[in-house]
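So that the names make sense, note that chain A is the first sequence line, chain B the second, and so on, each numbered from 1. Please read all numbers here as calculations on a predicted model, not as lab measurements.
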There are 2 protein chains.
Amino acid sequence: MPFLENIEYDHLLEEFKSVLRKNSLKFTKQRETILKTLYNFPGHFLPEEFYNLIKKNEPNSNIGIATIYRTLNLLEESEIVTALSFGKNGKKYELANKPHHDHIICKNCGLILEFEDKSIEKRQKEIAQQNGFELTNHIMQLYGICPKCKRKKIGI
Amino acid sequence: MPFLENIEYDHLLEEFKSVLRKNSLKFTKQRETILKTLYNFPGHFLPEEFYNLIKKNEPNSNIGIATIYRTLNLLEESEIVTALSFGKNGKKYELANKPHHDHIICKNCGLILEFEDKSIEKRQKEIAQQNGFELTNHIMQLYGICPKCKRKKIGI
DNA sequence: AAAATATTGATACATTTTATCATTTTTTTA
DNA sequence: TAAAAAAATGATAAAATGTATCAATATTTT
């Protein structure tokens with residue numbers, strides 16, 4: 001049970017519990033399993049991928065797909081997970097407790113890299129202000145061809 | 001028939017025809033109507049909104065919704081239109097023949113403003129290079145609360 | 001421990017997008 | 001320019017994705 005000794009995870013768990021309390025929601029086995037899985041599997045998952053991941057790794061949990069959708073929505077609203085939406089697919093979810101970052105995505109193989117850039121963030125804030133907006137968050141995705149696919153000379 | 005004398009539109013049309021020729025596709029009334037509508041109605045439309053717009057403005061065209069989807073996908077692949085995807089809705093389409101720009105979106109009322117920023121574009125290119133990517137395009141969407149909604153003090 | 005409240009899984013339903021296919025339109029060919 | 005070839009169309013079935021419903025169950029409050 002490495003989780004019980006993991007400060008980072010414990011912190012996350014407390015944050016989630018706090019959100020639940022504030023909204024008079026309940027802390028359930030399913031919600032805990034979902035959070036734990038998000039923590040243990042860094043990456044970007046569609047709800048369905050997530051569902052399968054949990055079925056495989058927590059065979060006894062028996063979580064319904066509806067609960068996956070419900071919980072991911074809840075976690076997104078609480079800003080504990082971030083949703084990425086691109087391409088033909090629906091939204092992909094990832095834990096938001098890491099420092100903010102954006103994504104570079106390979107149009108050929110779907111590889112996703114993460115990066116962050118303070119100078120861009122700063123400009124974004126300025127631009128929002130210039131337009132009278134109060135900036136809450138942003139999405140930035142760079143698309144291109146990754147080194148591997150470039151070598152393979154695969155066009156799009 | 002102002003289109004016949006409109007250089008900008010003619011150019012767009014030629015571009016479209018060129019894409020069609022290259023792919024052994026055919027230039028049809030429906031495809032022309034869709035391109036024309038995109039040109040005449042700047043904005044960001046869902047396929048369904050687009051469908052209704054055409055039904056209203058070109059009552060004789062009688063285009064099926066499937067053709068709207070098919071043509072928007074084709075135009076997107078050809079980079080003649082750009083698709084924006086955010087929130088719970090599907091993709092919104094707009095003509096891509098204007099200078100590149102990004103979007104600020106109000107989380108409350110859905111208002112979309114456009115902007116461009118050369119310094120961000122430059123950084124993006126650098127970041128892609130640092131990661132070995134060949135950058136082809138990007139999406140950047142800033143989210144926040146627009147001035148009007150701020151005044152109304154409507155939270156999210 | 002009982003009552004109150006919220007959650008769950010299963011699944012029906014809704015919505016959005018794509019696939020199918022007979023018919024029509026466009027383009028090519030001779 | 002008419003016939004043949006190729007592709008597109010509209011209608012609609014089917015798939016894909018996400019949400020709502022509801023009886024049963026779990027959690028929290030009292």
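Applying the salt bridge (Lys or Arg N to Asp or Glu O under 4.0 Å) test to A:Glu126 and every residue at least two apart in sequence or in another chain returns A:Arg123. Not counting sequence neighbours, the partners of B:Glu58 by the salt bridge (Lys or Arg N to Asp or Glu O under 4.0 Å) test are B:Lys36. Listed by chain and number, the residues in a ring-ring contact (aromatic ring centres under 6.0 Å, His included) with B:His138 are B:His100 (sequence neighbours excluded). The salt bridge (Lys or Arg N to Asp or Glu O under 4.0 Å) search around A:Glu76 returns A:Lys91, not counting sequence neighbours.
Classification of the A:Phe45-A:Phe50 ring pair by plane angle, with boundaries at 30° and 60°, yields tilted.
At whole-Å resolution of the value, CG in A:Leu20 and C1' in C:dT5 are 14 Å apart. For B:Ile63 and D:dT9, the CD1 to P distance is 8 Å, given to the nearest whole Å. If you measure from atom OH of A:Tyr69 to atom P of C:dA14, you get 18 Å, rounded to the nearest angstrom.
Separating the OG atom in B:Ser119 from the NZ atom in B:Lys122 is a distance of 8.5 Å, to the nearest 0.5 Å. The distance from atom CG of A:Leu135 to atom CD1 of A:Ile127, rounded to the nearest 0.5 Å, is 9.5 Å.
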- Letter by letter from the 5' end, nucleotides 20-30 of chain D scores (B base, S sugar-phosphate only, - none; protein heavy atoms under 4.0 Å) BB-----BS--
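Between its two ends, the helix from C:dA1-D:dT30 to C:dA30-D:dT1 turns its axis by 40°, counting five pairs per end and rounding to 10 degrees.
Side chains of A:Phe16 and A:Leu74 form a contact here, defined as non-hydrogen atoms less than 4.5 Å apart.
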